[in-house]
Amino acid sequence: MAQEFKLKGLTSLDLKNGQKQEAKVEGIENGKVLLVKHNDEVHALNPNCSHYGAPLVKGVVTGDGRITCPWHGACFKISTGDVEDAPALDPLHKFSVEEKDGAVYIKGQEADIKAGRRTLSPKCQSQGDEKVIIVGRGSGSLGAMEALRSGGFTGAITTIATEDHRPIDRTKLSKALLTDLSKLAFRSEDFYKEADITNVTDKVTAVDFSAKKVSTESGKEYPYTKLILASGGVPSFLPIDGLKGDLGNVFLLRQLNDAQDIMKAAGSEGGKKIVVIGSSFIGMEVGNCLASQKHHVSIIGMESEPLENVMGPKVGKIFRALLEKSGVKFYLSASVSHGSPSTADKSKIGKVVLKDGTELEADLVIEGTGVKPATQYVQSNDKIQLHEKDKSIIVDSSYAVKGLQDVYAIGDIATYPYHGPGGNGAPVRIEHWDVAMNMGRSVAQSILQPKSKGKSFIPVFWSALGAQLRYCGNTSAGGYDDVVVKGETDVSEGKQSFVAYYCKGEEVVAVASMMRDPYMTQSAELMRRGKMPKKSELEKDVDIMEIGVPGEIKI
């Protein structure tokens, strides 16, 4: 039975529409709720995002009744606490709230206030003829399976992947090199048992789209009524002597076992000479993490500044300075010639040699030079349409595979029409954790409600590069021709607190921020509604945080 709790220090619900306030709950140690007013009604919710615990009081309230996390873009429906957008999985508890006798009270369970989230427990015993097969067990797969079960789907759900474990938070592999499954897994094994979701460890080798069945390396066949292809990306070694897998202590990073192997080789005492090839996000995150563990890290990049192709040289220079402050050495505008074996053990790497003759001693090497879509199992199938360049799968705006019935493709393997700012429906493939999960949620919605058009979202990602980077939008569809930077960028003084607006002409197509929450979240919500200011307005110091976020969605 619900109990009544008084909110400390409040005498009235004195909020305007769109305003929010965090309040302490009397009688519960560390008990708090978030009050949000929308459409003339005050709602009380758990106060922190169920993803990484960001304070939602610093989030963004929209005209259509959403509150968006200030860190990573997770969204919740204010009236129910339900998850609207990734990367959150668990919804929030909702409490009734009222003002009486000169005080404010909420009603609810003490355990729900303490828990801080409404943990999903979609207990189900599969029934009926519906069979959803999901190829892969990454972010997209996770978003799809959880949205299906929480949305009331009672058919069978089976995931097939080469990993021998349940879904994990892959972002923590590069950002923190975590190796403990219990610290990486989103859910317990019991969760999947109760939800009657079967996680199979096997390799998919072929799909018969006419017969609606999936074949695996072990010789088994899995029939489906709906098929979700979410097999992700595959990294590969450089085709260079000494670095193509022919010497030991040369690693890729994609799976849990990769992180475990890297940490075993690096050890826990620091002092190892580590060379990272690639100044991508993966390379930069791994380099930053290992430098924080007192290793001697060198990063090799072909660009003049790290991440230049995505973020531009102006912002890339900031990231380089942050990592240099942590002791990382950069070799930029550089190309690798080969790897040489160690004099102590000819079977292992000892040096990385650049084409200009520079030799970098290496106890271990990590290659972070990108991934390719993992679509080998369908590349010989003439019924599926693949992108000529990268063999990704071409899908429509609902992520349905063109020319096929009841087949979807999401995540790193999917090329889809982008309708965000600067997109105009141009085909893009975006390798973001958040994007894949939102695609999975959209596909689940299409399966649950066949007449729905799926869900719109703006791509979001985040990175740990000496300070937390937030990013939304996309520049690959139409590019950008200028970057407007507002704020402090002096890393030497520890003052990196800025927002960078990537512009194509007058249109803002992407936004990056560091230590300026919730500017990225505000930007993403404004982008969805076609309300971002123009470049010329930003140059005149228009503050996007002063723009109200309406309800109408434009993309």
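Along the sequence shown, residues carry numbers from 1. Computed from a predicted model, the values in this text were never measured in an experiment.
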Do [X] and [Y] come within less than 4.5 Å of each other through their side chains, counting heavy atoms only?
{"X": "L243", "Y": "F237", "result": "no"}
{"X": "D434", "Y": "W462", "result": "yes"}
{"X": "S456", "Y": "R528", "result": "yes"}

[X] (side chain) donor-acceptor with [Y] (main chain) under 3.5 angstrom:
{"X": "S342", "Y": "A344", "result": "yes"}
{"X": "T68", "Y": "A74", "result": "no"}
{"X": "T375", "Y": "Q379", "result": "no"}
{"X": "K272", "Y": "A265", "result": "yes"}
{"X": "N48", "Y": "G53", "result": "yes"}
{"X": "Y480", "Y": "G312", "result": "yes"}

Consider only side-chain N and O atoms of [X] and [Y], and report whether a donor and an acceptor are under 3.5 Å apart.
{"X": "D202", "Y": "T216", "result": "yes"}
{"X": "S463", "Y": "E285", "result": "yes"}
{"X": "D543", "Y": "Y519", "result": "yes"}
{"X": "T201", "Y": "E163", "result": "no"}
{"X": "S397", "Y": "Y416", "result": "no"}
{"X": "S392", "Y": "T415", "result": "yes"}
{"X": "E525", "Y": "T62", "result": "no"}

| task | Begin with the C-alpha distance, continue with both residues' side-chain angles, and end with the deciding distance and a verdict on side-chain contact (heavy atoms from CB on, under 4.5 Å) for V83 and D90. | result | CA-CA 7 Å; V83 175; D90 287 329; 5.8 Å; no
| message | Among K175, M284, Q496, which residue satisfies the side-chain contact (heavy atoms from CB on, under 4.5 Å) criterion with L465? | response | M284
| query | Going through the checks in order, is the salt bridge (charged side-chain N to carboxylate O under 4.0 Å, His left out) test met by K58 and D517? | reply | CA-CA 8 Å; K58 295 182 179 180; D517 297 331; over 6 Å; no
| message | Counting the benzene-type ring for Trp, do Y471 and F461 have ring centres under 6.0 Å apart? | response |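 That pair passes the under 6.0 Å test.
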| said: Can you tell me how the ring of Y399 sits relative to the ring of F457, calling it parallel under 30°, perpendicular over 60° and tilted otherwise? | reply: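 Y399 vs F457 ring planes: tilted.
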| Steps toward side-chain contact (heavy atoms from CB on, under 4.5 Å) verdict (Q376, K391) | CA-CA 9 Å; Q376 300 89 339; K391 303 301 180 185; over 6 Å; no
| request: Please lay out, stage by stage, how L178 and L173 fare under the test side-chain contact (heavy atoms from CB on, under 4.5 Å). | output: CA-CA 6 Å; L178 293 183; L173 294 183; 5.5 Å; no
